[in-house]
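So the structure is just underneath, and the comments pick up after that.
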Protein chains: 2
Amino acid sequence: MDGSGSPTLEQVAAVAGVSRATVSRVVNGSPKVLPETVAAVEQAIRQLGYVPNRAARALVTRRTDSVAIVVPEPDSRVFSDPFFAGMLSGVSRTLAPTSSQLVLLIEPAEGDDQRFMRYLRGGHVDGAIIISHHGRDNVLQELAQLPLPIVFSARPLGVDVPVASVDVDNVAGARTGVEHLLAIGRRKVATIAGPLDMTAGLDRLTGYKDVMKEAGLPALIEYGDFTADGGEQATLRLLDAHPDLDGLFVASDLMATAALRVLSERGRRVPSDVAVVGFDDSVLATMTTPKLTTVRQPVEQLGARLAEILLAKIGGANLTSPEIYNTELIIRDSA
Amino acid sequence: MDGSGSPTLEQVAAVAGVSRATVSRVVNGSPKVLPETVAAVEQAIRQLGYVPNRAARALVTRRTDSVAIVVPEPDSRVFSDPFFAGMLSGVSRTLAPTSSQLVLLIEPAEGDDQRFMRYLRGGHVDGAIIISHHGRDNVLQELAQLPLPIVFSARPLGVDVPVASVDVDNVAGARTGVEHLLAIGRRKVATIAGPLDMTAGLDRLTGYKDVMKEAGLPALIEYGDFTADGGEQATLRLLDAHPDLDGLFVASDLMATAALRVLSERGRRVPSDVAVVGFDDSVLATMTTPKLTTVRQPVEQLGARLAEILLAKIGGANLTSPEIYNTELIIRDSA
DNA sequence: TTGTACGCGTTATCAT
DNA sequence: ATGATAACGCGTACAA
């Protein structure tokens with residue numbers, strides 16, 4: 001701490017022998033300042049180690065130069081999901097050239113919505129990216145109606161107003177996965193779906209059902225919650241109910257890794273006995289034995305696009321429609 | 001947006017028929033306000049949907065009610081590491097009861113230090129938690145000397161001033177892992193170490209070396225960079241150099257998963273041919289086949305403690321020494 | 001090109 | 001117990 005707190009514009013002005021206003025202009029890169037004045041001011045700034053006070057600036061400009069990334073769930077799962085990590089990476093890289101900072105809002109405990117709602121409403125950020133998994137209560141709806149630029153990381157379930165969102169085509173992605181299983185000759189193809197209150201759960205199941213129906217094959221469905229444990233349980237139930245299954249489409253890589261393990265423990269060879277296709281192409285996909293054939297979604301790109309859209313909206317653009325990206329089937333060893 | 005921006009203290013005061021100052025008192029829970037006045041003000045607040053402006057508040061109180069969690073590396077690996085996720089979880093849970101928000105500062109590209117240094121210096125946060133992996137340049141040193149409450153997530157390499165930090169006893173942790181390998185009869189025990197410019201790399205290697213030396217056995221060392229790829233390469237080199245190894249201590253679970261895969265591909269049975277011990281006990285440990293025996297570190301607890309220490313320092317406490325936590329060997333199937 | 005002066009929404013001091 | 005009023009540090013018309 002330097003004696004009397006951090007230096008202010010005023011002090012810089014005094015040292016540089018100019019007015020506060022001029023220093024402000026230099027700091028903000030106004031073109032209408034004499035080069036020599038600029039030099040003098042910059043010298044003073046360096047000498048004092050001046051750095052602008054954002055609070056004061058925000059107060060007058062009504063811009064905070066920070067955006068929130070909101071996880072409206074107490075879900076620590078979100079963090080262990082490589083999906084989130086990838087998106088965060090994309091978001092932060094896109095935000096980097098900007099002066100914007102990233103504020104992470106996590107719902108600490110179930111039902112503590114109002115905490116971040118207040119924060120968002122308080123004008124502490126210029127906009128927000130919502131990482132929503134569940135279409136829970138009416139939180140998403142409330143978020144969507146906030147007087148603030150907002151982008152959703154997935155089509156928010158249960159929201160009836162037009163909102164900007166970025167997502168992959170989960171239905172089509174699931175289709176490619178299941179179609180691949182059929183293409184390699186599998187007929188008893190089951191799925192481990194995600195929860196139906198998540199876009200990812202709902203749409204991927206739809207894709208599976210569609211393909212099976214078109215092929216005239218029965219749908220064999222169990223549900224997991226996108227955790228390894230959930231995947232394990234679902235696989236066990238599936239093996240009990242359909243011991244003769246020869247193909248398995250799993251709605252996430254994390255659940256798929258558990259499925260592979262259970263299959264192995266139960267003496268099923270992958271892919272010869274049971275072919276397995278996952279969804280995500282996360283880092284996990286290459287860590288399993290055998291390596292996972294999976295439906296890739298371009299997570300970093302999604303994150304980057306989320307940030308771009310948000311910045312555009314903050315800049316005044318009126319974007320309120322979903323953007324859908326394509327998936328790609330990555331064939332490895334499990335199917 | 002309601003006509004004219006968000007309501008201010010002034011407007012609430014007008015509606016409630018009191019002065020600005022009184023409203024402020026109510027908002028901040030001052031005891032010296034008549035209950036009936038409180039009621040009137042709270043009514044007005046609800047009616048207007050008032051929420052205090054943090055920028056204005058921060059300007060006068062000089063407190064921002066937000067803390068930064070800094071990743072002073074462009075390292076996207078940090079995110080895919082479950083270790084980071086766990087700590088983040090612990091930090092955010094501890095911060096929750098507080099009014100403090102979490103600001104995430106990531107170095108977007110190599111060498112862009114000054115960006116977050118300026119931010120931290122600008123008084124935008126009340127304190128910062130540094131998640132540092134590498135003892136790179138003098139960034140850590142600069143961070144340590146910031147006139148701001150700071151806590152490091154690991155003993156920062158190359159910092160010569162006393163700083164607060166939270167870490168596990170990596171040396172002892174590695175010892176228990178290696179000693180276990182010896183205890184189950186392994187003699188050709190190799191290690192995949194992490195980079196030596198990270199505490200985790202350095203100390204865990206030390207633990208390995210110590211045990212091997214005490215046992216009068218040769219140290220067989222290869223280095224990885226804490227990624228799956230690095231682990232894979234190191235394992236291959238190790239198998240080439242020492243085809244007869246029967247024990248392997250890997251400095252991280254992520255690298256260990258890769259090692260397991262390579263060993264399997266090379267026809268080594270785990271644990272019968274080669275016993276493997278990892279480090280972390282991350283979610284990965286139970287996802288492998290066989291499940292990984294590993295040295296657990298209490299990540300969430302570390303994160304929580306980081307936050308506690310930071311809050312204490314912000315509150316005026318003068319903590320500038322490391323805190324070391326114990327690890328625990330979790331025995332599963334790989335050793 | 002530069003300086004003056006005002007306002008941003010709060011908290012805190014001092015009267016009342 | 002409450003109300004004026006002065007900061008807090010900055011941006012920006014407006015004036016010079």
Side-chain angles (χ1 to χ4, degrees), chain A residues 1-2 4-42 44-45 48-66 99 118-119 121-126, chain B residues 2 4-42 44-45 48-66 99 118-119 121-124 126:
Chain A
M1 323 274 182
D2 12 71
S4 55
S6 6
T8 73
L9 265 191
E10 191 89 40
Q11 301 178 27
V12 174
V15 171
V18 297
S19 79
R20 235 176 30 224
T22 299
V23 177
S24 174
R25 291 186 183 102
V26 172
V27 169
N28 294 301
S30 162
K32 316 228 140 242
V33 184
L34 282 183
E36 53 216 67
T37 315
V38 172
V41 171
E42 284 178 342
I45 288 178
L48 268 49
Y50 168 79
V51 24
N53 179 319
R54 268 204 188 188
R57 178 180 282 174
L59 189 54
V60 40
T61 59
R62 306 189 141 291
R63 283 209 35 177
T64 62
D65 277 350
S66 60
S99 55
R118 291 178 63 85
Y119 187 84
R121 232 191 301 269
H124 314 133
V125 291
D126 300 331
Chain B
D2 13 70
S4 54
S6 14
T8 72
L9 220 45
E10 190 89 58
Q11 301 177 28
V12 174
V15 171
V18 297
S19 78
R20 229 169 42 216
T22 298
V23 177
S24 175
R25 290 187 185 104
V26 172
V27 169
N28 295 300
S30 161
K32 316 226 139 241
V33 184
L34 282 183
E36 53 215 67
T37 315
V38 173
V41 171
E42 283 178 342
I45 288 178
L48 267 49
Y50 167 79
V51 24
N53 180 316
R54 271 203 185 191
R57 178 179 281 174
L59 187 55
V60 41
T61 61
R62 307 189 139 292
R63 284 213 29 181
T64 61
D65 277 349
S66 59
S99 55
R118 291 179 64 85
Y119 187 84
R121 232 190 300 267
H124 314 132
D126 300 331

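Residue numbers start from 1 in every chain, and the chains themselves are labelled A, B, ... in the order their sequence lines are given, proteins ahead of strands.
- Under the 4.5 Å side-chain criterion, counting only non-hydrogen atoms from C-beta, A:S19 is in contact with A:T22.
- Going from atom CD of A:Q11 over to atom P of D:dC8 covers 11 Å, rounded to whole Å.
- Each of B:L34 and A:V51 lies near DNA chain D, and the nucleotide nearest B:L34 is the one positioned closer to the 5' end.
- One finds no side-chain N or O of A:T61 lying less than 4.0 angstrom from the OP1 or OP2 phosphate oxygen of D:dG11.
- The phosphate of C:dT11 (OP1 or OP2) has a side-chain N or O of B:N28 nearer than 4.0 angstrom.
- In this structure, the side chain of B:N53 engages the main chain of B:A55 through a donor-acceptor pair within 3.5 Å.
- For A:R54 and D:dC8, the CZ to C1' distance is 18 Å, given to the nearest whole Å.
- Atom pair A:R20:CZ and C:dT1:P shows a separation of 21 Å (rounding to whole Å applied).
- One can place CG of A:L9 at 19 Å from P of C:dG7, the figure rounded to the nearest angstrom.
- Among the heavy atoms of the strands, none lies under 4.0 Å from B:V27.
- Between B:G17 and A:A55, it is B:G17 whose nearest contact on DNA chain D lies nearer the 5' terminus.
- Heavy atoms of A:V60 sit under 4.0 angstrom from at least one base atom.
- Considering only side-chain N and O atoms, B:T37 lies nowhere under 4.0 angstrom from the phosphate OP1 or OP2 of D:dA1.
- Where the helix from C:dT1-D:dA16 to C:dT16-D:dA1 starts and where it ends, the local axes point in directions that differ by 40°; five pairs per end, rounded to 10°.
- The heavy-atom pair separating B:V12 from B:V41 by the smallest distance is CG1-O, 4.2 Å.
- Nearest nucleotide to the side chain of A:Y50, out of C:dT2, D:dC10, D:dA4: D:dC10.
- Within the 4.5 Å cutoff, no side-chain heavy atoms of B:R25 are placed close to those of B:V18.
- Here A:T8 does not reach the OP1 or OP2 of D:dG9: none of its side-chain N or O atoms lies under 4.0 Å away.
- Of the candidate nucleotides D:dC10, C:dG9, D:dT2, C:dG9 has the atom lying nearest to any side-chain atom of B:L59.
- A:R57 contributes atom CZ, which lies 5.0 Å from atom CG of A:N28 (distance to the nearest 0.5 angstrom).
- The shortest non-hydrogen separation linking B:A16 to B:A44 is CB-CB, 3.8 Å.
- Residue A:R25 contributes atom CZ, which lies 10 Å from atom P of D:dT12 at whole-angstrom precision.
- Within the structure, a side-chain polar atom (N or O) of A:T22 is placed less than 4.0 Å from OP1 or OP2 of C:dG3.
- A donor-acceptor pair under 3.5 Å links the side-chain atoms of A:T64 to the main chain of A:D126, judged by distance alone.
- For the pair B:D65 CG and C:dG9 C1', the computed distance is 16 Å after rounding to whole Å.
- For A:E10 and C:dT4, the CD to P distance is 10 Å, given to the nearest whole Å.
- Spacing between atom CZ of B:R62 and atom P of C:dA12 amounts to 12 Å, rounded to whole angstrom units.
- Residues A:R20 and A:V23 form no side-chain contact, since every pair of their non-hydrogen atoms from C-beta on lies 4.5 Å or further apart.
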